[in-house]
Structures are given as C-alpha cells and as structure tokens.
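Below is one structure, written out as structure tokens, with a few remarks after it.
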Amino acid sequence: MNEVQFVVPGLPVGKGRHRSAPLMRDRKPVIGKGGRPVIIHHSDPKTVKYENLVALSAQAAMAGKGLISGAVFLELDIRLPIPKSWPAKKKAMAIQGLVAATKKPDCSNIQKSIEDGMNGVVYVDDVQIVKGTQSKRYAETPGVVVIVRELELMSA
C-alpha cells in the first residue's frame with residue numbers, strides 16, 4: 001500500500017473564497033462586447049500562500065515517489081494554537097484535549113486547502129479522495145499532520 005505522511009507547519013489556513021471585481025481603467029469599469037463590465041477573478045492570497053506551503057511540505061515527503069493514481073484515504077490531524085490570553089489551567093486542559101477547538105478556521109475549509117495543495121504533488125487530483133477522517137484540536141505547536149494512503153479499490 002502506497003502511503004505518505006508529512007506535517008504542514010504553522011497556523012492552518014482555511015480555503016478562502018474567490019473574489020470577483022470589475023476590471024477598472026482610470027477609475028471606470030472596462031465595458032465588454034455585450035455592454036457589460038469585464039469581470040476579473042482572483043484567489044485569496046492567504047489561501048494561495050498556504051496551498052504552496054502544503055505543496056512544498058508534500059513534495060519533501062514524496063522524495064521522488066510517483067503520483068498516487070488510485071483511490072485515496074486522507075487523514076488530517078489539525079492542530080490550532082492555544083490562545084495566549086487563556087489562563088494556565090485552561091491551557092493545560094487544552095493540551096490534554098479537554099477543551100474543544102470550536103473556533104475558526106473550520107475543518108472543511110482547512111481540508112480543502114490541504115487537498116488542493118496536494119494536487120499534482122501527491123496524487124493526480126483530489127477527486128481521487130474517497131474516504132477520510134479529520135480532527136481539530138489545540139496543541140502547543142500548530143500545524144496539520146497529513147496522512148495519505150492509496151486504497152486497494154478499483155477505480156471507475
């Protein structure tokens with residue numbers, strides 16, 4: 001079974017929304033052929049930076065291995081930093097796992113950033129992910145532990 005494991009260091013970043021805005025020239029919108037403003041689209045810069053960090057971390061873990069081409073199981077252990085403002089007792093409880101990490105970013109948005117960052121690095125495309133688990137907790141060192149396993153399932 002093909003498996004790769006790595007850590008994405010630092011504060012986990014959830015997938016940001018794409019933004020759209022009219023293309024402007026001299027503070028006026030550029031008008032297209034249909035008489036409507038030309039719209040440009042761009043990705044959230046924080047998301048782009050984080051997905052690049054995911055790709056670099058994954059690339060180091062792959063160490064020259066070929067891309068996984070079959071069905072994939074993805075496991076994420078999301079570790080958020082403990083707020084500095086918390087008292088020592090609450091920080092200790094968070095480290096023990098007794099305080100739930102119910103603040104932003106949410107698991108699904110972090111997962112999407114991780115999945116997209118691994119496209120073309122660990123697997124061909126994130127459409128190959130058919131199973132997975134995710135957990136989010138507080139930890140002294142923030143980051144995301146990523147485990148990707150190729151499943152022995154027949155692909156369609």
Side-chain angles (χ1 to χ4, degrees), residues 1-24 38-86 90-156:
M1 183 187 305
N2 200 0
E3 178 178 310
V4 63
Q5 181 174 342
F6 61 94
V7 175
V8 182
L11 182 67
V13 176
K15 183 87 171 180
R17 301 209 185 277
H18 293 293
R19 304 286 180 202
S20 301
L23 178 61
M24 305 292 278
V38 175
I39 304 297
I40 56 172
H41 308 280
H42 61 277
S43 298
D44 175 49
K46 283 184 182 178
T47 300
V48 172
K49 186 176 178 182
Y50 189 69
E51 287 177 3
N52 287 335
L53 177 60
V54 170
L56 285 172
S57 301
Q59 199 169 33
M62 289 297 284
K65 295 179 193 171
L67 294 177
I68 296 172
S69 59
V72 169
F73 176 88
L74 175 64
E75 183 178 339
L76 300 178
D77 180 13
I78 302 164
R79 300 173 181 182
L80 298 181
I82 300 167
K84 294 183 189 324
S85 62
W86 284 5
K90 189 170 182 181
K91 287 180 182 179
M93 290 174 64
I95 290 169
Q96 294 171 8
L98 301 174
V99 179
T102 56
K103 66 173 202 151
K104 288 188 175 194
D106 61 278
C107 287
S108 59
N109 286 342
I110 295 169
Q111 180 176 344
K112 189 62 184 158
S113 289
I114 299 285
E115 289 174 353
D116 289 348
M118 290 190 294
N119 279 337
V121 178
V122 176
Y123 40 66
V124 179
D125 190 83
D126 58 352
V127 70
Q128 295 168 244
I129 300 168
V130 296
K131 289 185 180 182
T133 63
Q134 59 185 10
S135 62
K136 183 172 76 166
R137 61 188 174 99
Y138 289 112
E140 292 180 277
T141 305
V144 181
V145 176
V146 180
I147 301 172
V148 181
R149 289 185 195 97
E150 184 171 22
L151 297 172
E152 294 182 15
L153 298 173
M154 193 169 81
S155 297

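Since the model is a prediction, treat every value here as computed from it, not as a measurement.
Atom NZ of Lys104 is surrounded by 12 or fewer heavy atoms from other residues, nucleotides or ligands within 6.0 Å. Atom NZ of Lys65 has more than 12 heavy atoms from other residues, nucleotides or ligands within 6.0 Å.
With rounding to the nearest 0.5 Å, the separation of CG in Leu76 from CD1 in Ile114 is 6.0 Å. Note that CD of Gln134 is 5.5 Å distant from CD1 of Ile78, once rounded to the nearest 0.5 Å. The CD1 atom of Ile147 sits 4.0 Å away from atom CD of Glu75, with the distance rounded to the nearest 0.5 Å. To the nearest 0.5 Å, atom CD of residue Glu152 and atom CG of residue Asn2 are 10.5 Å apart. Note: Arg137 CZ to Ile95 CD1 = 10.5 Å, rounded to the nearest 0.5 Å. Atoms CG and CD1, from Leu23 and Ile39 in turn, are 9.0 Å apart once rounded to the nearest 0.5 Å.
Partners of Ala101 under the side chain to side chain contact (heavy atoms under 4.5 Å, CB included) rule, at least two apart in sequence or in another chain, are Leu80, Lys136, Tyr138. When the salt bridge (charged side-chain N to carboxylate O under 4.0 Å, His left out) test is applied to Asp125, no partner is found at least two apart in sequence or on another chain. Residues forming a side chain to side chain contact (heavy atoms under 4.5 Å, CB included) with Asn109 (at least two apart in sequence, or on another chain): Asp106. Every residue two or more places apart in sequence or in another chain that forms a side chain to side chain contact (heavy atoms under 4.5 Å, CB included) with Leu53 is listed here: Val8, Pro9, Tyr50, Ser57. Residues satisfying the side chain to side chain contact (heavy atoms under 4.5 Å, CB included) test with Lys112, not counting sequence neighbours, are Lys15, Glu115, Asp116, Asp126.
Contact between Met62 and Val4 at its shortest, heavy atoms only, is SD-CG2, 3.9 Å. Contact record, Val99 with Trp86: CG1-CH2, 3.8 Å, taken as the closest heavy-atom pair. The heavy-atom pair separating Phe6 from Val54 by the smallest distance is CE1-O, 4.1 Å. The shortest non-hydrogen separation linking Ala58 to Val121 is CB-CG1, 3.7 Å. Taking both residues in full, the closest heavy atoms of Pro105 and Gly14 are given as CB-N, 4.0 Å, listed atom of the first, atom of the second, then distance. Taking all atoms of both residues into account, the shortest heavy-atom contact from Thr47 to Ser113 is CG2-OG, 4.3 Å.
Here the side chain of Gln128 pairs no donor or acceptor atom with the backbone of Val72 at under 3.5 angstrom.
When side chains are defined from C-beta on, Glu3 does not count as touching Glu150, because their heavy atoms never get closer than 4.5 Å. Looking at Leu74 and Met118, their side chains come closer than 4.5 Å, going by heavy atoms from C-beta outward.
Every pair tested for ring pair (Phe, Tyr, Trp, His ring centres under 6.0 Å) that includes a residue from residues 107-130 fails, sequence neighbours excluded, so the list is empty.
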Show, in sequence, the C-alpha distance, side-chain angles and deciding distance for Thr133 and Phe73, and conclude whether the side-chain contact (heavy atoms from CB on, under 4.5 Å) test is met.
CA-CA 8 Å; Thr133 63; Phe73 176 88; 4.0 Å; yes
